[in-house]
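Structure, as structure tokens:
Computed over heavy atoms, backbone and side chain alike; hydrogens, waters and symmetry mates excluded. Values in this document were obtained by computation on a predicted structure and should not be read as measured data.
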Amino acid sequence: MQIRGLKNVDVRGKYVLLRDDFNVQIVDGVIQDTFRIDSSMPTIKHLTSNGARVVICSHLGRPKGKVVPEMSLRVVAEYMNIPFVEDCLAKEFLLDMHNGDVVLMENLRFHIGEEENDIEFAKKLASGFDLYVNDAFAVSHRAAASVVGVTEFLPSFAGDLLIKEIENLSHIMENPKHPLVLFLGGSKVSTKIGVLKKFVQIADKIVIGGALGTTFNFADGLPVGNSLYEESMADFATEIMRTADENGCEIYLPLDKGVGKEFAKNAVRENRDVTQIKDDDVIIDDGEKTAKRNVELLQNVKTVVWNGTFGMAEWGDVWGYSSFKLARALGELTKRGKIETFVGGGDTVAALDACGVHDDMTYVSTGGGAFLEFIEGKEMPGIKALIK
């Protein structure tokens, strides 16, 4: 894939509209994870050090075209220690900018035209700028005005982060080292259909856990108690297991589960074999046997792709047990050069952070849905707009 990058582009004195993804979790005015912001810095520094006048646009949350103070990007500007512009369509401030300056504009989604890819909104957003740079891989699967629409009005390029994402994730799909194993967790099979269909063709093993694993266990006729699962996806689960067998791809499902009597952080944990789940059990994590099995599988693997935690890892060690055990094992083996690891998805990345192994992975994507759609092989509008 040949994509237009910034190499050899003269940006000195140019007004650059830079699309970043600063859709971060903010609790009581405090950013909980700055990974996406920090990952954008190489492109910002490249532009400012070469004399560009950089204006960053991004979204936060889903305000649905209304001004929602709790979804303001002001706190991000404060974290970055840069000026803040209170409307993404404002232009007056451009006259006061100098070479090397950078500012952040208010939430794009305070305007309904952003998500609708309204051409008039895109034209207004693009006016006053000399070129556009997309460095927001995590939203490049969306045909939004700031991702696709503005490319109709400005010379458009990919930033360093977007190119890095494409190169690393293309490597997984085009030239992975085998054996390749996919660890797939999360809550809904229905959001992972494309990934499962793709990986039963290219992976040697697929480990399915979390609520996804519960749905697959249900499809196998096993009890699931009073737990989260998708009854409507049972036939698909059975089909995937059959297709995997036909393609020589081994499917591994949970052997046991961590259960409580209520879906709560302070619930008392018990480990129970999947054949012994009781009617009033609430499955909250994969079990100890399953976590041990997953780590043992890594001994004969060269490439790991992981998306989706296997339990409520955000609740800490008790209900993050299976996810944390895998994260630490991946970190150790990757540091030793035994495997290559590619991780995507907000909750999964948070699990890496909780274990202190984020920097040990081969590559950690800033994308969640975009990560899944890229490895499925879907065409992504934001990337298509930048192909040479």
Side-chain angles (χ1 to χ4, degrees), residues 1 20-25 32-40 134-142 159-177 180-199 202-203 206-212 294 298 301 303-311 313-314 320 322-324 326-327 329-331 334 339-355 357-380 382-383:
M1 181 187 299
D20 275 321
D21 179 34
F22 294 160
N23 187 29
V24 296
Q25 184 182 19
Q32 300 301 294
D33 183 2
T34 63
F35 171 55
R36 285 181 170 178
I37 303 170
D38 299 339
S39 296
S40 71
N134 181 359
D135 212 28
F137 173 75
V139 294
S140 289
H141 60 317
R142 306 294 187 199
D160 295 343
L161 175 60
L162 182 57
I163 291 174
K164 188 177 178 182
E165 293 270 11
I166 292 170
E167 289 177 347
N168 278 277
L169 300 185
S170 294
H171 171 70
I172 300 173
M173 307 314 299
E174 297 169 4
N175 191 35
K177 296 177 182 177
L180 163 64
V181 59
L182 169 68
F183 286 91
L184 196 63
S187 59
K188 293 185 178 180
V189 176
S190 54
T191 63
K192 310 284 174 84
I193 290 173
V195 172
L196 284 164
K197 286 183 175 179
K198 184 73 173 182
F199 272 82
I202 64 172
I206 298 178
V207 179
I208 300 175
L212 265 73
N294 291 349
L298 297 175
V301 167
T303 305
V304 170
V305 179
W306 183 16
N307 174 265
T309 55
F310 299 144
E314 56 266 52
S322 62
S323 299
F324 293 169
L326 177 62
L330 289 175
T334 308
I339 59 175
E340 291 185 343
T341 48
F342 300 86
V343 181
D347 290 341
T348 319
V349 175
L352 300 181
D353 291 334
C355 297
V357 297
H358 185 293
D359 293 340
D360 296 330
M361 302 298 123
T362 304
Y363 189 71
V364 179
S365 176
T366 57
F371 174 83
L372 293 174
E373 291 198 16
F374 191 95
I375 62 178
E376 282 177 37
K378 283 188 176 181
E379 183 176 83
M380 297 175 64
I383 293 175

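With sequence neighbours excluded, the residues forming a side-chain hydrogen bond (donor to acceptor under 3.5 Å, both in side chains) with S140 are N134, listed by chain and number. Shown here are the side-chain hydrogen bond (donor to acceptor under 3.5 Å, both in side chains) partners of T309, two or more places apart in sequence or in another chain: there are none. Partners of E379 by salt bridge (Lys or Arg N to Asp or Glu O under 4.0 Å), not counting sequence neighbours, listed by chain and number: K384. Among residues two or more places apart in sequence or in another chain, the side chain to side chain contact (heavy atoms under 4.5 Å, CB included) test is passed with E167 by I163. Considering only residues two or more places apart in sequence or on other chains, D33 meets the side-chain hydrogen bond (donor to acceptor under 3.5 Å, both in side chains) condition with none of them. Residues meeting the ring pair (Phe, Tyr, Trp, His ring centres under 6.0 Å) test with F35, sequence neighbours left out: H358. For S40, the side chain to side chain contact (heavy atoms under 4.5 Å, CB included) test picks out D20, F22, I44, with sequence neighbours left out. With sequence neighbours excluded, the residues that form a side chain to side chain contact (heavy atoms under 4.5 Å, CB included) with N23 are D21, R36, H59, L60. Here K378 pairs with E376 under the salt bridge (Lys or Arg N to Asp or Glu O under 4.0 Å) rule; sequence neighbours left out. Remark: A354 pairs with F324 by the side chain to side chain contact (heavy atoms under 4.5 Å, CB included) rule, at least two apart or across chains.
Considering all non-hydrogen atoms of both residues, E174 and P176 come closest at C-CD, 3.6 Å. Pairing each heavy atom of A138 with each of G367, the nearest pair is CB-CA, 3.9 Å. For the pair S323 and G311, the tightest heavy-atom approach, listed with the atom from each and the gap, is OG-N, 3.9 Å.
Taking CG of L180 as the start and CD1 of I202 as the end, the distance is 6.0 Å to the nearest 0.5 Å. D360 CG to L352 CG: the interatomic distance, rounded to the nearest 0.5 Å, is 9.0 Å. With values rounded to the nearest 0.5 angstrom, T366 atom OG1 is found 8.5 Å from L162 atom CG. Between the NE2 atom of H141 and the CZ atom of F371 there is a distance of 12.5 Å, given to the nearest 0.5 Å. Note: F137 CZ to N168 CG = 10.0 Å, rounded to the nearest 0.5 Å. In this structure, NZ on K164 lies 10.5 Å from CG on D135, to the nearest 0.5 angstrom.
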Side-chain donor-acceptor pairs under 3.5 Å in residues 184-193, sequence neighbours left out?
{"from": "S190", "atom 1": "OG", "to": "E230", "atom 2": "OE2", "distance (Å)": "2.8"}
{"from": "T191", "atom 1": "OG1", "to": "K188", "atom 2": "O", "distance (Å)": "2.9"}
{"from": "K192", "atom 1": "NZ", "to": "G185", "atom 2": "O", "distance (Å)": "2.7"}
{"from": "K192", "atom 1": "NZ", "to": "N307", "atom 2": "OD1", "distance (Å)": "3.1"}

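The side chain to side chain contact (heavy atoms under 4.5 Å, CB included) test with M361 singles out one residue from V349, V343, I339, and that residue is V343.
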Evaluate V305 against V195 for side-chain contact (heavy atoms from CB on, under 4.5 Å), listing each step before the verdict.
CA-CA 11 Å; V305 179; V195 172; over 6 Å; no
Pair F374-I172, side-chain contact (heavy atoms from CB on, under 4.5 Å): steps then yes or no:
CA-CA 10 Å; F374 191 95; I172 300 173; over 6 Å; no
Assess whether side-chain contact (heavy atoms from CB on, under 4.5 Å) is satisfied between K198 and I375, documenting all intermediate values.
CA-CA 8 Å; K198 184 73 173 182; I375 62 178; over 6 Å; no
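The side chain to side chain donor-acceptor pair (under 3.5 Å) analysis of residues 339-353, with sequence neighbours excluded, yields the pairs H171-E340, T334-T341.
Proximity of L330 to L298: side-chain heavy atoms (C-beta onward) are separated by under 4.5 Å at one or more points.
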